[in-house]
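This report concerns only the one structure given below.
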2 protein chains.
Amino acid sequence: MIPNDAVRARRPRMSRAEREQQMLDVAEEVFAERGYGAVSMEEIAERVGLSKPMLYEYFGSKEGLLLGVVRRARGELREVTERAVGAGGTPEEMLRRGYVAYFRFNEAHRRAWLVLLQEPVLLRSAAEEIEAIRRQQSEMMVELLAAHLPDRPRRALEAYAESIIGACERMALWRARTPEVTPEEAATHLMNLTWTGLATLNRPAVAD
Amino acid sequence: MIPNDAVRARRPRMSRAEREQQMLDVAEEVFAERGYGAVSMEEIAERVGLSKPMLYEYFGSKEGLLLGVVRRARGELREVTERAVGAGGTPEEMLRRGYVAYFRFNEAHRRAWLVLLQEPVLLRSAAEEIEAIRRQQSEMMVELLAAHLPDRPRRALEAYAESIIGACERMALWRARTPEVTPEEAATHLMNLTWTGLATLNRPAVAD
DNA sequence: GTAGTAAGTTACCAAGAGTAGGTTACCGAC
DNA sequence: GTCGGTAACCTACTCTTGGTAACTTACTAC
């Protein structure tokens with residue numbers, strides 16, 4: 001039988017790289033909107049305009065697809081914050097710029113960020129992979145702190161770094177519910193807490 | 001046919017309340033160990049010594065069961081921290097005791113805490129429920145801060161509260177990977193970061 | 001123009017979430 | 001003591017969905 005060219009023409013063949021990105025786009029959107037558990041591979045395939053086995057061809061499993069989404073998003077975020085921090089200046093300036101960059105990122109890439117923040121924890125089987133990404137985040141922060149606090153034990157710096165990252169994440173979640181708070185304001189709050197410290201905060205000099 | 005009494009005797013009937021607790025115990029253990037996605041309702045039922053429909057009778061769905069586990073754990077945690085903070089003293093003391101209580105809790109109730117921290121995010125459909133619990137946590141912290149910082153805008157206090165809670169969570173995760181850090185040490189790190197502040201930290205007086 | 005490969009398909013399986021409808025044990029009332 | 005009524009509990013199913021095997025179609029280099 002002769003294939004229906006009119007129909008075939010609607011599904012242009014793409015290179016693997018292109019398709020992958022397209023799949024990640026769709027998956028990111030739909031995971032962020034309704035959550036990993038509520039979305040079927042069938043549906044994602046349909047939205048991409050392909051059949052299910054192609055998703056498995058490229059990502060191996062549903063978790064693999066999610067991991068792809070998370071990895072890409074995490075990479076982008078990392079790039080943004082590293083550029084912000086790497087621009088130099090005093091530790092205070094670097095920290096502040098890092099905060100601002102983080103909050104701007106999750107404002108601009110809301111969907112990516114939602115997936116990034118909310119989903120990785122359910123990936124038991126991909127835990128090591130995720131762990132590696134986290135460690136990277138944390139190491140960057142430790143370096144930043146080490147420049148300012150050269151005499152502190154490494155262990156303490158790690159603790160600060162982890163705490164700060166946790167604070168950022170939760171602050172971002174809060175900002176999602178309180179959209180009138182700008183990235184700069186959020187950064188100021190975080191600076192007041194982590195840099196100035198609550199003890200010194202009741203001096204009227206510090207504004208937020 | 002006459003039922004096999006020997007077999008029946010192994011499955012004593014229990015009151016609803018008792019069974020519920022037992023089911024929550026099993027679910028908590030197994031979710032914490034292998035993750036929500038990797039555990040089937042069939043298996044949980046089997047471990048409890050009942051058949052699947054009983055789980056559905058009591059919890060409605062798999063998510064409902066998870067929610068039950070989370071709610072119970074969160075309640076216990078809340079009790080513990082509220083008692084610690086409620087004992088009074090200076091804001092600094094209260095904050096510190098709160099931190100210590102939190103880290104002690106997740107040391108003593110490792111399984112409960114793992115579920116608590118790692119799973120709720122995947123519950124899209126139960127999001128409001130979870131949100132309510134979170135708000136409670138955050139409100140308690142806001143009250144604590146308000147006593148110390150009466151002149152700050154509410155909005156700022158909320159931001160601090162959210163950040164602090166996020167810092168606690170992530171710190172707890174870090175502690176799970178670094179078990180030699182005691183609850184008291186973790187609390188000290190957090191105090192140094194949030195109370196003292198990084199700016200003042202390079203004075204040699206503060207130890208951690 | 002044909003061989004090889006990479007993109008894409010249909011049609012299936014297996015596992016597990018959730019349910020309909022029935023059975024067994026307990027408990028209070030007469 | 002037996003007889004309803006209820007609450008705990010079961011067997012046996014359905015249906016969705018993650019995952020795969022085996023095939024077909026189109027592009028690309030020689």
Rounded to whole angstrom units, what separation is found between the CD atom of A:Glu18 and the C1' atom of D:dC27? 14 Å
Nearest-Å distance, CD (B:Glu42) to P (C:dA17)? 9 Å
Is any side-chain N of the basic residue among A:Arg96 and A:Glu92 closer than 4.0 Å to the acidic one's carboxylate O? no
Given D:dC9, is OP1 or OP2 found less than 4.0 Å from the side-chain N or O atoms of B:Arg19? yes
Have a look at A:Val48 and say if it touches a base, only the backbone sugar-phosphate, or nothing, with a 4.0 Å heavy-atom cut-off. nothing
Where the side chain of A:Ser61 is concerned, which of D:dG19, C:dA25, C:dG18 is the nearest nucleotide? D:dG19
Taken to the nearest whole Å, CE/B:Met14 to P/C:dC26 is 13 Å
Base, sugar-phosphate, or nothing: which does A:Met41 touch, judged by heavy atoms less than 4.0 Å apart? sugar-phosphate
Please report, rounded to the nearest Å, how far the P atom of C:dT24 is from the CE atom of B:Met54. 16 Å
Could you please name the option among D:dC10, D:dG19, C:dG8 that lies closest to any side-chain atom of A:Lys52? D:dG19
Considering just the side-chain nitrogens and oxygens of B:Ser40, establish if one lies under 4.0 Å of OP1 or OP2 belonging to C:dG16. no
Between A:Tyr58 and A:Pro53, the residue closer to the 5' end of DNA chain C by nearest nucleotide is A:Tyr58
Can you tell me the distance, in whole Å, between the CD atom of A:Gln21 and the P atom of C:dA7? 15 Å
Decide, yes or no, whether a salt bridge links A:Asp25 with A:Arg47 under the criterion of side-chain N to carboxylate O below 4.0 Å. no
Residues B:Thr182 and B:Arg175: side-chain donor-acceptor under 3.5 angstrom: no
Counting only side-chain heavy atoms from C-beta out, which of C:dT10, C:dA25, C:dA17 sits nearest to B:Arg13? C:dA25
From OH of A:Tyr36 over to P of D:dG18, roughly how many Å is that when rounded to an integer? 8 Å
Under-3.5 Å donor-acceptor pair between B:Lys62 side chain and C:dG18 base: no
Could you tell me how far apart A:Glu46 (CD) and C:dT9 (C1') are, to the nearest whole angstrom? 15 Å
Could you tell me whether a side-chain N or O of B:Arg111 sits under 3.5 Å from a main-chain N or O of B:Glu29, the two making a donor and an acceptor? no
Do side-chain atoms of A:Thr81 reach the backbone of A:Arg78 as a donor and acceptor pair under 3.5 angstrom? yes
Rounding to an integer number of Å, can you tell me how far A:Tyr56 OH sits from C:dG8 C1'? 17 Å
